[in-house]
Amino acid sequence: MTAPRTLFDKIWDHHLVSAPSEPGMPATLYVDLHLLHEVTSPQAFAEIEERGLAVRRPRQCLATMDHSTPTDPGMNLVRLAGRDAAGAAQLTRLAENCARHGIPLLPLGDARQGIVHVIGPELGVTQPGMTIVCGDSHTSTHGAFGALAFGIGTSEVAHVLATQCLLQNRPLTYEIAVDGRLPAGVTAKDLILTVIGELGIDGGTGAVFEYRGEAVAALDMEERMTVCNMSIEGGARAGLIAPDETTFRYLAGRPGAPRGESWDAAVEAWRRLPTDAGAAFDRSVRFDGSSFAPRITFGTNPGQSIAVDGTIPDPSAFDEQVRIGVEKSLRYMDLEAGRPLLGHKIDVVFLGSCTNSRLSDLRAAAAVLAGRRVAPGVRMLVVPGSEPVRRQAEAEGLARVFTEAGAEWRQAGCSMCLAMNGDRLEPGQYAVSTSNRNFEGRQGPGGRTFLASPLTAAASAVAGAIADPREMMA
Amino acid sequence: MRQFTQLHGRAVVLPVPNVDTDQIIPARYLKATTKTGLGAGLFAGWRYRADGSPDPAFLLNRPEAEGAEVLVAGDNFGCGSSREHAVWALLDQGFRAVLAPRFADIFRNNAAKNGLLTVELDRDTWQEMVQRLEAQPDAPVSIDLERERLGFAGGPEVSFSLDPFARHCLLTGLDPLAYLLAQEAQLDAYEAAHPPRVDTLAAEGEAR
Ligand code: SF4
């Protein structure tokens, strides 16, 4: 009998091309799936080409355009060139690189284009037990399927292009257990914001999180993706959730998933992945999910959050390093300690990003907005995570709900999650955003972000100020 | 890869915790398709005023920052986005080493691939260094990677320790990609035993 192993251990062991040659040296880890986008790949292609190297496994790579892409309806590369030459050049470069190396690409204008972390699962190429990397920190999203998925830098993108491998030091594994059931109005986004708020944004440095417990098992795949997506905001490079029937149901029949006998064999192997009873974690943290509330950030990092009906903490309550950070955040946000956030006026609501732009997120927000209107003076952008999500939302009538409420309905892309594609906050504006980062200027120079769930975002859009979604739910 | 053995120079101090890579270089500078020239975007949100002129109060714009090769940063430096542009921007500005109590994982990895030294200091050493250099901004700093020793402001040397592989790469200039390419035989064996789990071309075709 082998010793009990964690889900992480099983994936790691299976992908070792070579173990560390001596202590302190990195292992060589095989990569099953390499996702690419326009921003972090051009220098990597240049690097391998300068060395005369080929892409080793182009059919284990998949590229899309998402970060620099405009989301105005009807936008394409030609029109973009007239408005943003550098952005268009970057997209063109990706198309050329993919064509030259035989890498499948879902470009701007393609019916399947979307945010890289939305399309992988949607196509069924994200599967349990895999190793998945991308030059993007939110690659952790794919861990929702029980895949070891993490973000890498551009130098490492070049490594994977050339060798399909990465040099890695073995990380620690932390168990993040959330017991109980989440109350009504409390979502996966609130769960992960609460966890990060408790552990701190560097609580997971050097570690991989495995999310467990009743509240996690009860989440559907899209909610699990929201949780794993933000692992990096807790400092962990990856987050994992054990695959189960929910996972298999989601994957069955997707274009990239195995079929027929291979499907049966795959599911059988996937069933062996979950952490064995008695396997040891380097650290275990337990939460009671039934005590969670809708959560919102008040500061300039995703760990600075409170219950939506709570009050902004007093910086002097923290030790010195934290205090400096909180004071700086409150100065940037122009907020006062001791005050509530409820009722704080906002200018913009952004519903989108790889954290919360999937169908269930849009449905949740539409349920709040149906029969209501976005408050006068508030701009609300609704940006689906992928073109398939956009089409489905239109077919279901969700897009109508948004436009009739006075929101803007856009094309798929990263949009206002990061300010590099034309969608951004103006200096001084306050936004409630369903994205993952409230860093200074992240959504536009001088812009100020409150991170929250799609429910809280929709309720706040209606109120024109930060609102508690539980009060607008039937 | 650029080698690093020793450094004798000056440092600038930015003891703010959790400086994320969006602060190190904002997304609007990421449309570059090369690694050069990114220094102009370094700390852009703090460095320039709304009209685009340099803010004289920000440390990088002060005369004593001119020519500094060491950045003494706060805890969890480089958190957030994986953008390697953050490392390229620091190098482009002339930095060769960053010292902090702790770094975010991806930033530390990216630095190691580009010859930018990252040293994690224990909190007391870091605290003392910050205090001394704030009192005496032009004080000399020396780093000896071979001996893993750090000296500052004429005080006694302190030791530090680096990840052995990163240290080896920095000292010898060994390029990690070359190191990987040398494992061709193991890689062939692995691939022979493990058929690909996905075929993205087929998946893409099917989804059309
Ligand atoms: S939506 Fe935001 S966080 Fe997600 S990949 Fe795009 S830019 Fe990154």
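Any value given below was found using the heavy atoms of this structure, including those in side chains, with hydrogens, waters and symmetry copies removed. Letters go in sequence order (proteins before strands), and every chain restarts at 1.
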Original post:
Of the backbone (N, CA, C, O) and the side chain (C-beta and beyond), which part of His85(B) lies under 4.5 Å from a heavy atom of chain A, both, or neither?
Top reply: side chain
Original post:
For Arg254(A), is it the side chain, the backbone, both, or neither that has a heavy atom closer than 4.5 Å to a heavy atom of chain B?
Top reply: neither
Subject >> Heavy-atom contact with chain A under 4.5 Å, split by part of Gln183(B) >> reply: side chain
Original post:
Is a salt bridge present between Arg437(A) and Asp20(B), judged by a nitrogen-to-oxygen distance below 4.0 Å?
Top reply: no
Original post:
Looking only at atom types and distance, does a side-chain atom of Thr64(A) sit under 3.5 Å from a main-chain N or O of Leu106(A), one as donor and one as acceptor?
Top reply: yes
**OP:** Sort Thr34(B) into side chain, backbone, both or neither according to what part of it lies under 4.5 angstrom from a heavy atom of chain A.
**Re:** backbone
Original post:
Do Glu47(A) and Lys35(B) meet the salt-bridge criterion of a basic N to acidic O distance under 4.0 Å?
Top reply: yes
Subject >> Point-to-point distance, once rounded to the nearest 0.5 Å, from CG of Leu53(A) to CZ of Phe45(A) >> reply: 13.0 Å
Original post:
What residue in Val87(B), Asn110(B), Ile106(B) has the most heavy-atom pairs under 4.5 Å with chain A?
Top reply: Ile106(B)
**OP:** Examine whether an atom of Arg93(A) lies under 4.5 Å from a heavy atom of chain B, and if so say whether it belongs to the side chain, the backbone or both; otherwise answer neither.
**Re:** side chain
Original post:
Side chain, backbone, both or neither: which part of Asp32(A) has a heavy atom under 4.5 Å from chain B?
Top reply: both
Subject >> Which atoms of Pro26(B) approach chain A - backbone, side chain, both or neither, heavy atom under 4.5 Å >> reply: neither
**OP:** Could you verify whether a donor N or O on one side chain and an acceptor N or O on the other, from Thr154(A) and Gln43(A), lie under 3.5 Å apart?
**Re:** no
Original post:
Relative to chain A, which segment of Asp199(B) carries a heavy atom at a distance below 4.5 Å: side chain, backbone, both, or neither?
Top reply: both
**OP:** Count the heavy-atom pairs under 4.5 Å between each of Glu204(B), Arg28(B), Arg167(B), His168(B) and chain A, then report the option with the highest count.
**Re:** Glu204(B)
**OP:** Give the member of Gly87(A), Pro26(A), Ala111(A) that has the highest number of heavy-atom pairs under 4.5 Å with chain B.
**Re:** Pro26(A)
Original post:
Say you draw a straight line from CG of Leu171(B) to CG of Leu162(B); how long is it, rounded to the nearest 0.5 Å?
Top reply: 8.5 Å
Original post:
Can you name the one residue among Arg10(B), Glu69(B), Met129(B) that meets side chain to side chain contact (heavy atoms under 4.5 Å, CB included) with Val141(B)?
Top reply: Met129(B)
Original post:
Is it the backbone or the side chain of Gln23(B) that comes under 4.5 Å from a heavy atom of chain A, or both, or neither?
Top reply: side chain
**OP:** Just give me the residue among Val198(B), Thr33(B), Asn18(B) that pairs up with chain A most often, heavy atom to heavy atom, under 4.5 Å.
**Re:** Thr33(B)
Subject >> Identified side chain to side chain contact (heavy atoms under 4.5 Å, CB included) partner of Leu62(A) from the options Leu123(A), Leu36(A), Ile103(A), Leu105(A) >> reply: Leu123(A)
Subject >> chain B contact via Asn436(A) - which portion, at a heavy-atom distance below 4.5 Å >> reply: neither
Original post:
What residue in Gly204(A), Cys134(A), Gly129(A), Pro23(A) has the most heavy-atom pairs under 4.5 Å with chain B?
Top reply: Gly129(A)
**OP:** Dump the intermediate steps for ring-ring contact (aromatic ring centres under 6.0 Å, His included) on His15(A) and His194(B), then the final yes or no.
**Re:** CA-CA 9 Å; His15(A) 288 85; His194(B) 303 83; 7.6 Å; no
Subject >> Basic-acidic side-chain contact under 4.0 Å: Arg83(B), Asp22(B) >> reply: yes
Original post:
Which residue out of Met25(A), His138(A), Glu122(A), Met420(A) racks up the most heavy-atom pairs below 4.5 Å with chain B?
Top reply: Met420(A)
**OP:** Using non-hydrogen atoms and a 4.5 Å limit, figure out which bit of Gln60(A) sits close to chain B: side chain, backbone, both or neither.
**Re:** both
**OP:** Report yes if the side chains of Thr40(A) and Asp136(A) come closer than 4.5 Å at any heavy-atom pair, otherwise no.
**Re:** no
Subject >> Check ion pair Glu157(B)-Arg147(B) (N to O, under 4.0 angstrom) >> reply: yes
**OP:** Under 4.5 Å, counting heavy-atom pairs only, tell me which of Ala104(B), Cys79(B), Pro176(B) racks up the most with chain A.
**Re:** Pro176(B)
**OP:** Let me know if Phe103(B) has heavy atoms under 4.5 Å from chain A in its side chain, its backbone, both or neither.
**Re:** backbone
Subject >> Within-4.5 Å side-chain heavy-atom neighbours: Pro302(A) and Phe439(A) >> reply: yes
Original post:
Which bit of Arg102(B) comes within less than 4.5 Å of chain A, counting heavy atoms only: side chain, backbone, both or neither?
Top reply: side chain
Original post:
Measuring heavy-atom distances to chain A, does Asp75(B) have an atom under 4.5 Å in its side chain, in its backbone, in both, or in neither?
Top reply: both
**OP:** Can you measure from OG (Ser137(A)) to CZ (Phe107(B)) and round to the nearest 0.5 angstrom?
**Re:** 14.5 Å
Subject >> Most chain B-contacting option - heavy-atom pairs closer than 4.5 Å, from Cys165(A), Pro258(A), Pro427(A) >> reply: Cys165(A)
**OP:** Identify which part of His67(A) has an atom lying under 4.5 Å from any heavy atom of chain B, answering side chain, backbone, both or neither.
**Re:** neither
Original post:
Of all of Ile119(A), Leu91(A), Ile232(A), Ile201(A), which one pairs up most often with chain B through heavy atoms under 4.5 Å apart?
Top reply: Ile201(A)
Subject >> Toward chain B, the part of Ser329(A) with a non-hydrogen atom under 4.5 Å >> reply: neither
Subject >> Option in Arg424(A), Lys328(A), Glu233(A) with maximal non-hydrogen atom pairs under 4.5 Å from chain B >> reply: Lys328(A)
Original post:
Looking at Arg62(B) and Asp138(B), does any basic side-chain N land under 4.0 Å from a carboxylate oxygen?
Top reply: no
**OP:** Sort Asp188(B) into side chain, backbone, both or neither according to what part of it lies under 4.5 angstrom from a heavy atom of chain A.
**Re:** both
Original post:
Any side-chain heavy-atom pair from Leu172(A) and Val208(A) closer than 4.5 angstrom?
Top reply: no
Original post:
With only heavy atoms counted, which part of Phe165(B) is less than 4.5 Å from chain A, the side chain, the backbone, both or neither?
Top reply: both
